[in-house]
Visitor: 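Okay, handing you the structure first.
In what follows, residues are counted from 1 in the order of the sequence shown. Only heavy atoms go into these numbers, but all of them, side chains included; no hydrogens, no water, no symmetry mates.
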Amino acid sequence: MSNSKIMLGNAAIAQGAYEAGVKVSAAYPGTPSTEISECIAKYPEVYAEWSPNEKVAMEVAIGASIAGVRAMASMKLVGVNVAADPLYSIAYAGVNGGLVLVAADDPGIYSSQNEQDTRMVARAAMVPVLEPSDSEEARIFTKLAFQYSEQYDTPIIVRTTTRLSHSQGVVHPKEREEVPDKPYVRDIAKNVLMPANAQKRHIIVEQRMKQMANDACHFSINRVEMRDTKIGIITSGIPYQYVREAIPNASVLKLGLVHPLPKDLITEFASKVDTLYIVEELEPVIEEQVRSWGIPLIGKEIFTVQGEYSANMLRQAILHQQITLTKPATVPQRPPILCPGCPHRSVFSVMKKLKLHGAGDIGCYTLGAVAPLSVMDFNVCMGASISTLHGMEKAKGKAFIQDWVALIGDSTFLHTGVNSLMNMVYNKATGTVIILDNSTTGMTGHQDHAATGKTLQGETTYAINIYHLCKAMGIEHVYEIDAFDIEGLEKLLKQETKRDALSVIITKSPCALLKEFVPKGKCIIHEEKCKKCGQCLTPGCPAMIKQENGIPKIDSTMCNGCQLCQKRCKFDAISLIPREKGGKS
């Protein structure tokens, strides 16, 4: 145990990639995958970057693989959708250096728009999938994925889930393997996917998957644990842990490779047990294939396709045990609300006053949909706010969207908003786009991006100027304004939402949680001046509460001195105590 460490699943994946000799890692931050890149960036032997989006990250890793080194791209489940175009194609072309995509799924939808299952994407793309069940397997499987990638000339997906990504386990780190670079060999028939070449490559891909399925019957990561044969369970990933806890005497076939499936191994295991269950979170990916082979089993007829599983759920479903749960401890509730001092709150408070609707996007500002602000009407995916506003305008005209704006963050704008804005310019659209520039990728924990001027390693680099980028597209009406200039913003929004042209408003103020952020001080309420109008409470700052006497109170431990409440008070009942030199306020 002297060389053992307790690691997050994500950290263990980074460790496995490091040990495998990876030289290039690319990603876009997205919970639950973000920490993989943050951890791998600590290894100086690995070039690691935040790419502007997952498609670019995948293509960077593909380029490194073609050049002859081991490379990895990491992303969350919906990021796989963004990266699907290069993923499907590289599956046909194959690899040179080992190529791994780490895809983090989110059963239970803790931080995503949906609950999709990456295994279904992998089946369509014909890409093999490894699925670890703890932190040590995360290290081992990631390392092994690069070996399989080169052995079978294919990209490999390592699938993780929120529970594995963010739980900790014992890991036994090893030394890094210095894998020699593979020479680049020009091979047009393999690497240029024009139709004639792709048709031939498709045949090779099918042969490769069949070969891997046959070989997988002997892979050590596909493990049979024979115990009582009355109950047999096929499972993988985190559900394996629930199976072992809930039904320790059952025989288990634990799959490490979940696509393609080792048919002969599964058939043999099924023949040795009286009743076969398949336990897999989300979609019946394994179940449907095993049923198609004529093997009787019990699956989703007793298990849900929604959310995470648990040991108690399996006890109830398989053993028919009635579980009496103890009442959970009562903990304070944290409503979904923007942080104290958040610049988005200021913008949304002006929108609320003007009764504007927001076509929404993905980020902290999605919280603008909930009370008391309630200014965001919908959101779809990264970068969609601009495109959906465009679609609304083309559907019903400028008059329909005069009380609408598109809302998008700085990181999300660079992710997939640029093309959407370009589309508005090209197709002569009208409408107002607000780029909420808080100088970070806030929702996933304050990662840098192409407009912050810092790389993943914290090195200084050129910062994309969003204002100049918009002007370069030919947009005449582009404005920058302090997010807390509520009077100026109100005037600007009134002007631009009525304009018969395309306009962009960039609201600039840093996220209050950035370590570089220095509060101006703390706001206080002078109760003798307060008229109990409640205007200061309207934006819903969690630092403010309404006392029994009707007079608001500001929690000084939470206040970031943004002065939004002060600016909304018409009676001078709120003032700022400036921050003292030396850091006190």
Visitor: Determine whether the side chains of Thr416 and Asn53 contain a donor N or O and an acceptor N or O closer than 3.5 Å.
Guide: no
Visitor: Scan the side chains in residues 458-467 for donor-acceptor partners under 3.5 Å anywhere in the protein, sequence neighbours excluded, and list what turns up.
Guide:
from   : atom 1 : to     : atom 2 : distance (Å)
Asn465 : OD1    : Tyr467 : N      : 3.1
Asn465 : OD1    : His468 : N      : 2.9

Visitor: Are any of the side-chain nitrogens in Arg119 or Glu280 under 4.0 Å away from the carboxylate oxygens of its partner?
Guide: yes
Visitor: Is there a donor in the side chain of Ser112 and an acceptor in the side chain of Lys76, or the other way round, less than 3.5 Å apart?
Guide: yes
Visitor: Does Arg345 reach the main-chain N or O of Pro539 with its side chain, forming a donor-acceptor pair under 3.5 Å?
Guide: yes
Visitor: Checking Ser37 against Ser74: is there a side-chain donor and acceptor pair closer than 3.5 Å?
Guide: no
Visitor: Distance alone, cut at 3.5 Å: any donor-acceptor contact between the side chains of Gln447 and Thr441?
Guide: no
Visitor: Using a distance-only test with no angle check, is there a side-chain donor-acceptor pair under 3.5 angstrom linking Ser25 and Tyr43?
Guide: no
Visitor: Side chains of Glu393 and Thr430: is there a donor and an acceptor less than 3.5 Å apart?
Guide: yes
Visitor: How about Glu308 and Tyr110: do any of their side-chain heavy atoms sit closer than 4.5 Å?
Guide: yes
Visitor: If we ignore angles and hydrogens, is there a donor and acceptor under 3.5 Å between the side chains of Thr161 and Asp105?
Guide: no
Visitor: So does Ile408 get a backbone contact from the side chain of Thr412, meaning a donor-acceptor N/O pair under 3.5 Å?
Guide: no
Visitor: Might you confirm whether atom NZ of Lys491 has over 12 heavy atoms from other residues, nucleotides or ligands at distances under 6.0 Å?
Guide: no
Visitor: Okay, side chain of Thr497, backbone of Leu493: is any donor-acceptor separation there less than 3.5 Å?
Guide: yes
Visitor: Test of understanding: with salt bridge (Lys or Arg N to Asp or Glu O under 4.0 Å), list the residues that count as partners of Lys353, not counting sequence neighbours.
Guide: Glu490
Visitor: With sequence neighbours left out, write down each residue that passes salt bridge (Lys or Arg N to Asp or Glu O under 4.0 Å) with Lys454, or none if nothing qualifies.
Guide: Glu516
Visitor: Between Asn96 and Val69, is there a donor-acceptor pair closer than 3.5 Å when you use the side chain of the first and the backbone of the second?
Guide: no
Visitor: Assign the ring pair His477 / Tyr479 to parallel, tilted or perpendicular, where the plane angle (0 to 90°) is split at 30° and 60°.
Guide: parallel
Visitor: Are Thr557 and Asp555 close enough that a side-chain donor and a side-chain acceptor fall under 3.5 Å?
Guide: yes
Visitor: For residues Glu35 and His166, is any side-chain donor paired with an opposing acceptor at under 3.5 Å?
Guide: yes
Visitor: Look at the aromatic rings of Tyr28 and His415 and report parallel, tilted or perpendicular, splitting at 30° and 60°.
Guide: perpendicular
